[in-house]
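Here's the structure, in structure tokens; my notes come after.
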Amino acid sequence: MPTAIKNTRAEMSVSRKLTVDLDSYPLNVRPVVRAAINEATHTLVDAFNSNSTFQWMARRLDPEKRDEYLDCLFKNAINTASGHSRDFVLQIEGCKGVIIWSNKGQTFSWSDTIQSFNLARLIKKIFPLKAFNKLHVSAGDKLRRITMKDYPKHICITFIGVLPQEQRKGLGSALLESVLDKADQCNYPVYVEAIDYQSVKFFEKSGFVSQGQMSLNKNQVVFVTPMVRLPIHDGEPLPLHVRPGRVHTNNS
């Protein structure tokens, strides 16, 4: 189980510069509009389809049902986050990469995803999994609540993914940087759950620190690493200004 937050202010001296070549052209990070939700969903499906942990979770699903499940999972995550604020779902360079984040608590947990993968094998239709995920997210959110108990105001990163052919170009770092800039402006710590070694190393480059490791299954095959990045400045949290969500407006 995670322990007290391990970050120290000295550790936060990590460089906040983008690991991309901004001299070539400015990267375009913008909210995902309503018309691009399907495209953003497909980006996340393609990004996570090659993830070894996801492959293990979906090992008993045929490829068609696996893709259908992932489509349902990511579209539900996008709609939930953008319902709170359109700023909570960002894309870069025409949906080559997507990040979902929020300050409304965690709308997703890896432990519940394993359960829903198992459920997907037993049902003919994927759509009932929407209700399953919504009902069980509070239980899976326990890890975050324990880790962040001393930080009631914080930001959660739900998903970040880049198309396989567009990876290692700095797009993921630019997406993450846009959220970290917002967090630093408001003195918010940021919480994320990493599910593989590559993800842990990716977030460590931006100042995240592992808070331990927890097994997600009885056979201890899948592990999740809760990670936290503290704001670069001391001070009380400030109001986080984001635009209203789509449930509150008819605009895209």
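When a residue number appears, it is its place in the shown sequence, counting from 1. Reckoned from all heavy atoms, side chains included, excluding hydrogens, waters and symmetry mates.
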Report task. Would you please test F202 and L176 for side chain to side chain contact (heavy atoms under 4.5 Å, CB included) and show each step? Result -> CA-CA 10 Å; F202 170 76; L176 181 60; 3.8 Å; yes
Requested in this report: For the residue pair L180 and S206, establish whether any side-chain heavy-atom pair is separated by less than 4.5 Å.
Outcome: yes
Report task. Name all residues meeting the salt bridge (charged side-chain N to carboxylate O under 4.0 Å, His left out) criterion together with D71; count only those two or more places apart in sequence or in a different chain, and write none if there are none. Result -> K75
Query raised in the report: Would Q198 and K201 satisfy side chain to side chain contact (heavy atoms under 4.5 Å, CB included), going step by step from the backbone distance to the final call?
Result: CA-CA 5 Å; Q198 291 80 5; K201 291 303 179 183; 5.9 Å; no
Query raised in the report: Is any side-chain heavy atom of V190 closer than 4.5 Å to a side-chain heavy atom of I157?
Result: yes
Requested in this report: Evaluate the side chain to side chain contact (heavy atoms under 4.5 Å, CB included) criterion for residues L90 and S178: first the C-alpha distance (whole Å), next the side-chain angles of each, then the deciding distance (0.1 Å), finally the verdict.
Outcome: CA-CA 9 Å; L90 303 175; S178 67; 3.4 Å; yes
**Report entry** Side-chain heavy-atom pair L44, L70 within 4.5 angstrom cut-off
**Finding:** no
**Report entry** All salt bridge (charged side-chain N to carboxylate O under 4.0 Å, His left out) counterparts of D46, not counting sequence neighbours
**Finding:** none
Query raised in the report: Are P189 and R229 side-chain neighbours, meaning at least one heavy-atom pair lies under 4.5 Å?
Result: no
Query raised in the report: Is it true that a side-chain atom of W101 and a backbone atom of A81 form a donor plus acceptor pair closer than 3.5 Å?
Result: no
Query - Heavy-atom pair with the smallest gap, counting every atom of I100 and A77 - result: CD1-CB, 4.0 Å
Query - Rounded distance [0.5 Å steps], CD in Q213 versus CZ in F223 - result: 5.5 Å
Query raised in the report: CD1 of I99 to CD1 of I160: how many Å apart, nearest 0.5 Å?
Result: 4.0 Å
Report task. Name all residues meeting the side chain to side chain donor-acceptor pair (under 3.5 Å) criterion together with N103; count only those two or more places apart in sequence or in a different chain, and write none if there are none. Result -> none
Query raised in the report: Does a side-chain heavy-atom distance below 4.5 Å link I92 with N28?
Result: no
Query raised in the report: Counting distance only, does the side-chain N/O of S85 pair as donor-acceptor with the main-chain N or O of R243 below 3.5 Å?
Result: yes
Query - Side chain to side chain, L143 and M214, heavy atoms closer than 4.5 Å - result: yes
Requested in this report: Please name all residues satisfying ring-ring contact (aromatic ring centres under 6.0 Å, His included) with F74, sequence neighbours left out, ordered by chain then number.
Outcome: F48, F159
Query raised in the report: Side chains of M227 and V200: does their closest heavy-atom pair fall under 4.5 Å?
Result: yes
Report task. Treating Ile, Leu, Val, Met, Phe, Trp and Tyr as nodes and any side-chain heavy-atom pair under 4.5 angstrom as an edge, say whether I37 and L163 lie in one connected cluster. Result -> no
Report summary line: By salt bridge (charged side-chain N to carboxylate O under 4.0 Å, His left out), R30 pairs with (sequence neighbours left out) none
Requested in this report: Can you measure from CG (L240) to SG (C186) and round to the nearest 0.5 angstrom?
Outcome: 4.5 Å
Requested in this report: Using a 4.5 Å cut-off on heavy atoms from C-beta on, say whether the side chain of Y151 contacts that of P237.
Outcome: no
Query raised in the report: Quick one: side chain to side chain donor-acceptor pair (under 3.5 Å) partners of D67, sequence neighbours excluded?
Result: N49
Query raised in the report: Taking only residues two or more places apart in sequence, or in another chain, which ones meet E166 in a side chain to side chain donor-acceptor pair (under 3.5 Å)?
Result: K169
Query - Distance (rounded to the nearest 0.5 Å) between E177 CD and D181 CG - result: 5.0 Å
Requested in this report: Output yes when a side-chain donor or acceptor of Q211 lies under 3.5 Å from a complementary backbone atom of P226, and no otherwise.
Outcome: no
Query raised in the report: Between N187 and E236, is there a donor-acceptor pair closer than 3.5 Å when you use the side chain of the first and the backbone of the second?
Result: yes
Requested in this report: With sequence neighbours left out, write down each residue that passes side chain to side chain contact (heavy atoms under 4.5 Å, CB included) with T53, or none if nothing qualifies.
Outcome: N51, M57, I195, D196, V222
Query - Rounded distance (nearest 0.5 Å) linking atom CG of L171 with atom CD of E93 - result: 7.0 Å
Requested in this report: Search all heavy atoms of L27 against all heavy atoms of A174 and return the closest pair with its distance.
Outcome: CD1-CB, 3.6 Å
Query - Least distance between heavy atoms, S210 atom then T225 atom - result: OG-CG2, 3.2 Å
Report task. Starting at CG of L73, measure out to CD of E68 and round the result to the nearest 0.5 Å. Result -> 12.5 Å
Query raised in the report: Looking only at atom types and distance, does a side-chain atom of Q91 sit under 3.5 Å from a main-chain N or O of G94, one as donor and one as acceptor?
Result: yes
Requested in this report: List in chain and number order the residues that pass side chain to side chain donor-acceptor pair (under 3.5 Å) with H42, two or more places apart in sequence or in another chain; answer none if no residue qualifies.
Outcome: none
Query raised in the report: side chain to side chain contact (heavy atoms under 4.5 Å, CB included) with A40: which residues, sequence neighbours excluded?
Result: V32, I78, C95, V98
Requested in this report: Using atom types as modelled and distance alone, determine if a side-chain donor or acceptor of K182 lies under 3.5 Å from a backbone N or O of H241.
Outcome: yes
